[in-house]
K.L.:
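So that we are looking at the same thing, I have put the structure below in structure tokens.
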Amino acid sequence: MAVTLSYSFAFVFLLATCFLTASASASTKQIPPGGWMKIANVSDPEVQEIAKFAITEHNREIHEALVYDRVISGKTQVVAGINYKLLIRARTGHGRSTYQAIVWDQPWTKVRVLSQFIEVA
Ligand SMILES: *[C@@H]1O[C@H](CO)[C@@H](O)[C@H](O)[C@H]1NC(C)=O
């Protein structure tokens, strides 16, 4: 009796494991590799940090003096780390403007690269 019970318990456990494995791989399959995913909350501290990095790095590279204002929207793409494509509002010497920045971030190597910074409005 005890043997039967532990067998059926093992079976249920096996079934649950299969189910969990299947649903986990199903949920990862929903994200197409290399696809851009909309950032739900651009107030996320990580997104804010990437945006401020983009402004600081741009200022350093071309000796401009943009002042970070806010992130309007953004997307991320998984590529041996994360690519952030952000629409950033910043103050210029004479008003405000919008910029599209692409920052590649590889947290485990602490490498962060500004790969694009263009004025879009
Ligand atoms: C967005 O993120 C910020 C900072 O983490 C948090 O304070 C805020 O509640 C979040 N908003 C939503 C709608 O989740």
Side-chain angles (χ1 to χ4, degrees):
M1 193 62 185
V3 173
T4 318
L5 198 71
S6 69
Y7 267 126
S8 49
F9 188 78
F11 180 70
V12 168
F13 179 76
L14 204 72
L15 213 69
T17 311
C18 288
F19 177 75
L20 287 176
T21 312
S23 58
S25 60
S27 64
T28 51
K29 272 178 193 144
Q30 282 169 359
I31 302 166
W36 288 98
M37 302 274 297
K38 191 178 191 318
I39 296 170
N41 187 355
V42 292
S43 303
D44 189 305
E46 182 72 17
V47 178
Q48 293 293 310
E49 194 187 311
I50 295 288
K52 285 169 190 166
F53 166 82
I55 297 291
T56 307
E57 186 61 14
H58 169 77
N59 285 344
R60 193 183 66 78
E61 283 174 9
I62 70 156
H63 308 292
E64 219 178 350
L66 297 180
V67 178
Y68 172 76
D69 180 10
R70 67 195 168 90
V71 177
I72 298 168
S73 64
K75 292 173 181 178
T76 57
Q77 177 191 45
V78 176
V79 273
I82 300 177
N83 250 339
Y84 290 82
K85 187 192 283 183
L86 305 175
L87 267 187
I88 306 172
R89 214 49 194 152
R91 288 203 302 276
T92 66
H94 37 82
R96 273 163 212 272
S97 202
T98 304
Y99 303 86
Q100 176 176 283
I102 297 181
V103 175
W104 179 66
D105 187 51
Q106 193 174 58
W108 62 91
T109 55
K110 300 198 190 316
V111 172
R112 193 171 275 178
V113 179
L114 178 65
S115 61
Q116 187 193 69
F117 195 93
I118 51 169
E119 191 169 4
V120 290

K.L.:
Taking Y68 as the fixed residue, which of Q48, R89, R91 is the one that meets the side chain to side chain donor-acceptor pair (under 3.5 Å) rule?
P.N.:
Q48
K.L.:
Do the rings of Y99 and H58 sit parallel, tilted or perpendicular, given the 30° and 60° boundaries?
P.N.:
tilted
K.L.:
Donor-acceptor check, side chain of Q100 to backbone of L87, threshold 3.5 angstrom: yes or no?
P.N.:
no
K.L.:
If you compare all heavy atoms of Y84 against all heavy atoms of E46, which two are closest, and at what distance to 0.1 Å?
P.N.:
OH-CG, 3.4 Å
K.L.:
Can you name the closest pair of heavy atoms from T92 and S97 and give their distance?
P.N.:
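Looking at all heavy atoms of both residues, the closest pair is CG2-CB, 4.0 Å.
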K.L.:
Applying the side-chain contact (heavy atoms from CB on, under 4.5 Å) test to T98, which of I118, I88, V120 qualifies?
P.N.:
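Going through I118, I88, V120 one by one, the side-chain contact (heavy atoms from CB on, under 4.5 Å) with T98 is satisfied by V120 alone.
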K.L.:
Count the heavy atoms belonging to other residues, nucleotides or ligands that lie under 6.0 Å from NZ of K75, then report whether that count exceeds 12.
P.N.:
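No, NZ of K75 has 12 or fewer neighbouring heavy atoms, counting only those of other groups under 6.0 Å.
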K.L.:
State yes or no: do L114 and I82 share one hydrophobic cluster built from I, L, V, M, F, W and Y residues joined by side-chain heavy-atom distances below 4.5 Å, directly or via other members?
P.N.:
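Yes; I82 is reachable from L114 via cluster members.
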K.L.:
Taking the basic N atoms (NZ, or NE/NH1/NH2) and the acidic carboxylate oxygens, is any pair closer than 4.0 Å for E57 and K52?
P.N.:
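Salt bridge absent between E57 and K52.
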K.L.:
Would you say N59's side chain and L66's backbone share a donor-acceptor pair under 3.5 angstrom?
P.N.:
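The answer is yes, because a donor-acceptor pair under 3.5 Å joins these two groups.
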K.L.:
Identify whether I39 and I72 are in the same connected component of the hydrophobic contact network (ILVMFWY, side-chain heavy atoms under 4.5 Å).
P.N.:
no
K.L.:
State which residues pass side-chain hydrogen bond (donor to acceptor under 3.5 Å, both in side chains) with R96; sequence neighbours excluded, sorted by chain then number.
P.N.:
D69
K.L.:
Look only at the side chain of W104 and the backbone of V111, and say whether a donor-acceptor pair between them is shorter than 3.5 Å.
P.N.:
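Side chain of W104 to backbone of V111: no pair is present.
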